[in-house]
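Just so we're clear, the structure is a prediction, and the values are computed from it rather than from any experiment. Residue numbers start from 1 in every chain, and the chains themselves are labelled A, B, ... in the order their sequence lines are given, proteins ahead of strands.
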There are 2 protein chains.
Amino acid sequence: MGTEEATALLWEGLAAPKRGPRPTLRLDAIAGEGIALADAEGIDSVTMQRVAAALGVTKMALYRYVPGKNELVALMTDIAIGEPPRLAEVEGGWRPRLYAWALRMSERFWRHPWTLRTTVGRRPFGPNELGWLEESVAALDGTGLEGGEKLDVAATLSGHVRSLVQQGVARVSEDGIEGRFTALVRGREERFPALLAAMKSAETHDSQNKAFEFGLERILDGVGSLLEQRA
Amino acid sequence: MGTEEATALLWEGLAAPKRGPRPTLRLDAIAGEGIALADAEGIDSVTMQRVAAALGVTKMALYRYVPGKNELVALMTDIAIGEPPRLAEVEGGWRPRLYAWALRMSERFWRHPWTLRTTVGRRPFGPNELGWLEESVAALDGTGLEGGEKLDVAATLSGHVRSLVQQGVARVSEDGIEGRFTALVRGREERFPALLAAMKSAETHDSQNKAFEFGLERILDGVGSLLEQRA
DNA sequence: GTGAAACTGCGTCTATCGTACACTGTGTCT
DNA sequence: AGACACAGTGTACGATAGACGCAGTTTCAC
């Protein structure tokens with residue numbers, strides 16, 4: 001499995017050739033077309049065939065730029081995630097910074113929901129994905145947390161963002177606000193009583209943003225109470 | 001896309017035929033073989049061909065039991081996740097219950113890491129997956145949280161479990177403790193200083209369980225402090 | 001200049017995948 | 001007994017990722 005090639009492609013890019021015909025394509029154009037396709041029709045619609053067709057080229061031409069499809073998707077993913085925000089400019093210490101981090105991260109996921117799928121499991125990390133992690137860890141500098149703890153907070157935060165965006169995307173793509181989810185519970189009230197009650201009471205006020213922010217505040221509260229306890 | 005068929009299969013199972021030859025297979029045996037295959041060689045190795053071969057049958061025979069591969073995977077997923085724990089027996093209120101919930105959930109994901117992939121994005125929910133959600137929401141009964149808030153806490157918790165298991169699985173399947181992850185940061189210290197420092201200080205003490213529990217405690221702390229604040 | 005070398009994009013081919021469909025055999029109900 | 005419903009199989013199709021060889025193009029060394 002070409003994880004080394006993918007890593008090289010993500011970090012070093014494509015070595016410019018010194019001889020031979022001028023390349024018709026550019027790596028970022030290929031990735032860009034793949035991203036556009038994934039945004040419009042989902043990640044499953046991204047095939048070498050279709051990406052190549054969008055660029056006016058045969059699919060085999062792509063293999064001059066990319067070792068294989070996995071590597072292309074990895075590249076698309078890192079580009080779609082984009083550069084991390086510069087949190088050093090955010091005033092107010094760790095909490096506003098982490099808050100801003102989570103907000104912008106969720107924004108990226110919303111813009112390219114398919115990255116939720118392509119960033120699951122073992123995979124090569126690109127510079128941008130690692131950069132986002134760096135920023136979240138750096139936001140905790142000066143709090144007195146140990147290194148491992150910082151990583152843990154970052155993981156928890158990232159998990160929350162992913163989870164809520166995913167849930168939000170699923171909810172939007174349903175028919176109406178309730179959707180299939182509620183339909184399942186209905187008629188089985190005796191089996192999922194707590195769930196039904198919670199959804200009933202949530203129907204009125206629950207917007208997706210509220211859900212996201214609520215969990216986020218809980219996590220940050222938890223970090224805060226640990227810090228106070230140690231001070 | 002056959003989401004209705006998948007839902008029917010997950011919730012109602014297979015209607016027993018009244019005429020014709022006896023079926024050679026059973027639905028749970030098919031799903032079980034798929035699960036075994038996914039556990040051993042990963043979800044990508046699960047093809048109709050291989051599942052059928054493991055059962056001593058042609059691949060087309062499976063379509064007498066399952067509408068298609070998506071539905072089979074959905075079924076495998078719900079079975080692999082398994083029945084939710086009965087948290088009502090756990091003493092001590094919402095906190096120990098949610099703690100137990102997270103622990104057992106993570107155990108399930110560890111046992112079948114491929115379910116992390118198959119439970120992403122829009123999909124039909126099975127009774128077990130919904131049952132786990134029910135249990136986590138029910139654990140918050142009596143806390144005074146609103147319905148929407150309960151759902152939010154459940155989502156945050158589930159996100160944490162998924163995130164940390166995923167990270168743990170990735171870490172285990174690396175070479176050694178550090179793995180490719182650290183290798184990337186090394187030689188680029190100027191680009192990821194906070195990350196490098198955190199990983200360095202984490203090298204000594206950080207076990208996967210600690211990471212998981214740390215984030216979990218933070219989330220529960222956050223919920224706790226909200227409850228206290230309202231009391 | 002000129003030829004060798006390097007590189008491009010294309011056409012062809014293969015293996016594998018999910019699945020549609022027709023067919024034969026088998027068990028049960030009328 | 002016969003009709004009917006269902007079982008598993010074999011064959012076929014379209015789509016996929018990718019290997020490989022080829023012909024044309026550009027640049028470098030001489």
Side-chain angles (χ1 to χ4, degrees), chain A residues 1-6 9 13-31 33-34 37-38 41-76 114 117-118 123, chain B residues 1-6 9 13-31 33-34 37-38 41-76 114 117-118 123:
Chain A
M1 38 196 104
T3 56
E4 314 86 19
E5 290 125 318
L9 192 69
L14 207 55
K18 280 303 161 197
R19 293 208 284 206
R22 294 180 211 85
T24 327
L25 307 176
R26 282 190 0 185
L27 195 52
D28 55 353
I30 298 176
E33 209 63 54
L37 207 60
E41 304 184 33
I43 189 65
D44 288 339
S45 297
V46 176
T47 70
M48 300 306 266
Q49 192 90 256
R50 294 201 58 180
V51 172
L55 292 160
V57 163
T58 337
K59 65 172 179 181
M60 290 314 294
L62 299 183
Y63 287 93
R64 294 281 172 195
Y65 300 87
V66 165
K69 196 197 176 185
N70 288 341
E71 289 77 8
L72 173 58
V73 172
L75 186 63
M76 285 167 49
W114 49 272
R117 293 196 80 94
T118 58
R123 67 191 181 281
Chain B
M1 37 195 105
T3 55
E4 313 86 20
E5 291 126 317
L9 193 68
L14 206 53
K18 280 303 162 198
R19 293 209 286 208
R22 296 178 209 89
T24 330
L25 307 176
R26 284 192 356 189
L27 194 54
D28 55 353
I30 298 176
E33 208 64 53
L37 206 61
E41 304 184 34
I43 189 66
D44 289 338
S45 297
V46 177
T47 69
M48 300 304 267
Q49 190 88 257
R50 294 201 57 181
V51 173
L55 292 160
V57 161
T58 16
K59 62 178 175 176
M60 289 315 293
L62 300 183
Y63 286 90
R64 293 282 171 194
Y65 301 86
V66 165
K69 196 199 176 185
N70 288 341
E71 289 78 7
L72 173 57
V73 172
L75 186 63
M76 284 167 50
W114 49 272
R117 294 197 80 95
T118 58
R123 66 191 181 281

So, does E71(B) use its side chain to make a donor-acceptor pair with the main chain of G68(B) at under 3.5 Å?
yes
Integer-rounded Å distance: dA20(C) P and M48(B) CE:
10 Å
Within the side chain of Y65(A), is there an N or O that forms a donor-acceptor pair under 3.5 Å with the backbone of L25(A)?
yes
Separation of dA15(D) C1' from D44(A) CG (nearest whole Å):
13 Å
Can you tell me which nucleotide in dA17(D), dA7(D), dT8(C) comes closest to the side chain of T47(A)?
dA17(D)
Whole Å only: how far is the OH atom of Y65(A) from the P atom of dG18(D)?
18 Å
Under the 3.5 angstrom rule, does the side chain of K69(B) hit a backbone N or O of V46(B) as a donor-acceptor pair?
yes
Do any of residues 55-63 of chain B sit with a heavy atom less than 4.0 Å from DNA chain D, and if so which?
V57(B), T58(B), M60(B), A61(B)
Output one letter per nucleotide in nucleotides 22-30 of chain D: B when a protein non-hydrogen atom lies under 4.0 Å from the base, S when only the sugar-phosphate is that close, - when neither is.
--BBBBS--
For R123(B) and T118(B), which heavy atoms make the closest approach, and how far apart are they?
CD-O, 3.7 Å
What is the distance, rounded to the nearest whole Å, between atom CD of Q49(A) and atom C1' of dG18(D)?
12 Å
Between P on dT16(D) and CZ on R50(A), what's the gap in Å once rounded to a whole number?
9 Å
For M76(A) and A31(A), work out which heavy atoms get closest and say how close.
CG-O, 3.6 Å
Between atom CG of L75(A) and atom CG of L27(A), what is the distance when rounded to the nearest 0.5 Å?
5.0 Å
Can you list the steps and then say if L37(A) with T47(A) is a side-chain contact (heavy atoms from CB on, under 4.5 Å)?
CA-CA 9 Å; L37(A) 207 60; T47(A) 70; 6.0 Å; no
Without decimals, in angstroms, what is the distance between N70(B) CG and dC17(C) C1'?
13 Å
Does the distance from a Lys or Arg side-chain N to an Asp or Glu carboxylate O, for E41(B) and R50(B), drop under 4.0 Å?
yes
